[in-house]
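By convention in this document, chain letters (A, B, ...) are assigned in the order of the sequence lines, proteins followed by strands, and residues within each chain are numbered from 1. What you see is a predicted model, and the numbers here were worked out from it, not measured in a lab.
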2 protein chains.
Amino acid sequence: MKNTLKTRYEARAKIIKAMAHPSRLLIIEELNRKEHCVGELTEMIGADASTVSKHLSILKNAGLVNDDKRGNLIFYTLRVPCIMQFMSCVEDVISANARQQNAILKCCRG
Amino acid sequence: MKNTLKTRYEARAKIIKAMAHPSRLLIIEELNRKEHCVGELTEMIGADASTVSKHLSILKNAGLVNDDKRGNLIFYTLRVPCIMQFMSCVEDVISANARQQNAILKCCRG
DNA sequence: TTGCAATATGGCTAAATTGCCAAATAGTAA
DNA sequence: TTACTATTTGGCAATTTAGCCATATTGCAA
């Protein structure tokens, strides 16, 4: 792969990889609704606080979220709302897959 | 996390994870332009043919590409063009990150 | 049939990711 | 100051991923 292209795809992959986790997708979706502090997200996800904190740092490092410290709490917001449009495309893939699975089942049962 | 939600985010994450690799992003972009056989993609990427084959099987398994065998060759096509719209959003993130980096540099040099 | 080309699969090691616990840090409040 | 809460960081073990080589498999052609 040409070197400039490689760099470009690596940069993209880094961002997409940051999204590629169930908990981080939940975080993205909830932050799209409104800002949340770490404790709130931790409760929604149901994992250790340190785990959630690491997820948030991955999202922040990719430039997908912003953080805003207010006293003891740190509020996170979604930095790039256009991400949410992508989710409907992903849902399209999921339902296309499901339809295809159904078609295969129907066909093979006769 | 509630169980139905968890399943949904896992399904999404599986698809996004399938995209989250530089070589697979190149494949997606090239297949968006036009169909390609494995050999062509292998040459573009510059990795072992078996490696590229595995990338393709990951994409296929996620429902992102279709394959069509014609004689000795297997042609792959992009199954979900809406994915490409997402790339411009990813590029937005990248340039926003770059701008922010610049701002930080300027500020700290005085 | 044999031989060759294209692609896929198995196996292996190295590297990255995940998630928990424990400990550090930062902020508030007494 | 001490105590308490929120969040982050370090460390570790388990799992997953990546990429190469070697080996199937498939299809064409002689």
To the nearest angstrom, how far is [X] atom [atom1] from [N] atom [atom2]?
{"X": "B:Glu43", "N": "C:dA5", "atom1": "CD", "atom2": "P", "answer": "16 Å"}
{"X": "A:Leu73", "N": "D:dC4", "atom1": "CG", "atom2": "P", "answer": "19 Å"}
{"X": "A:Asp67", "N": "C:dG27", "atom1": "CG", "atom2": "C1'", "answer": "15 Å"}
{"X": "B:Phe75", "N": "C:dT7", "atom1": "CZ", "atom2": "C1'", "answer": "13 Å"}
{"X": "A:Asp48", "N": "D:dT7", "atom1": "CG", "atom2": "C1'", "answer": "11 Å"}
{"X": "A:Asp68", "N": "D:dT7", "atom1": "CG", "atom2": "C1'", "answer": "14 Å"}
{"X": "A:Asn61", "N": "D:dT9", "atom1": "CG", "atom2": "P", "answer": "11 Å"}
{"X": "A:Lys54", "N": "C:dC21", "atom1": "NZ", "atom2": "P", "answer": "12 Å"}

Using a 6.0 Å cut-off, check whether atom [atom1] of [X] has over 12 heavy atoms from anything other than its own residue.
{"X": "B:Glu43", "atom1": "CD", "value": "no"}
{"X": "A:Glu10", "atom1": "CD", "value": "yes"}
{"X": "A:Lys2", "atom1": "NZ", "value": "no"}

* Gap between atom CG of B:Asp67 and atom CZ of B:Phe75 - 0.5 Å precision ->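 It comes to 12.0 Å.
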* To do: Starting at CE of B:Met44, measure out to NE2 of B:His36 and round the result to the nearest 0.5 Å.
  =>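 Rounded to the nearest 0.5 Å, the CE-NE2 separation comes to 3.5 Å.
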* Does the side chain of B:Lys14 reach to within under 4.5 Å of the side chain of B:Lys17, using non-hydrogen atoms? ->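 Not in contact.
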* Asked: Does some side-chain heavy atom of B:Met84 sit less than 4.5 Å from a side-chain heavy atom of B:Glu29?
  ->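 Yes, at least one pair of side-chain atoms sits under 4.5 Å.
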So does [X] get a side-chain nitrogen or oxygen closer than 4.0 Å to the phosphate oxygens (OP1/OP2) of [N]?
{"X": "A:Thr51", "N": "C:dG19", "result": "no"}
{"X": "B:His55", "N": "D:dT17", "result": "no"}
{"X": "B:Tyr76", "N": "C:dA6", "result": "no"}

* List in numerical order all residues of residues 4-42 of chain B for which some heavy atom is under 4.0 Å away from an atom belonging to DNA chain D. =>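 Here the set is B:Lys17, B:His21, B:Arg24.
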* To do: Tell me which of A:Ile58 and B:Ile74 sits closer to the 5' end of DNA chain C, going by the nucleotide each one is nearest to.
  =>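 That would be B:Ile74.
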* Using a 4.0 Å heavy-atom cut-off, write out nucleotides 23-30 of chain D from 5' to 3' as B (base contacted by protein), S (sugar-phosphate only) or - (no contact). => ---BBS--
* Asked: With sugar-phosphate meaning primed atoms plus P, OP1 and OP2, does A:Ala47 contact a base, only sugar-phosphate, or nothing at under 4.0 Å between heavy atoms?
  ->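 Counting heavy atoms under 4.0 Å across all strands, the contact made by A:Ala47 is with sugar-phosphate only.
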* To do: Mind checking B:Ser57 for me? I need base, sugar-phosphate or nothing, with any heavy atom below 4.0 Å counting as a touch.
  =>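 It contacts nothing in the nucleic acid.
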* To do: Return the minimal non-hydrogen interatomic distance between A:Arg79 and A:Gly63, and the atom names on each side.
  =>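 So the two residues come closest at NH1-O, 2.6 Å.
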* Ignoring hydrogens and angles, tell me if any N or O in the side chain of B:Thr7 forms a donor-acceptor pair with the backbone of B:Asn3 under 3.5 Å. =>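 Such a contact is found between B:Thr7 side chain and B:Asn3 backbone.
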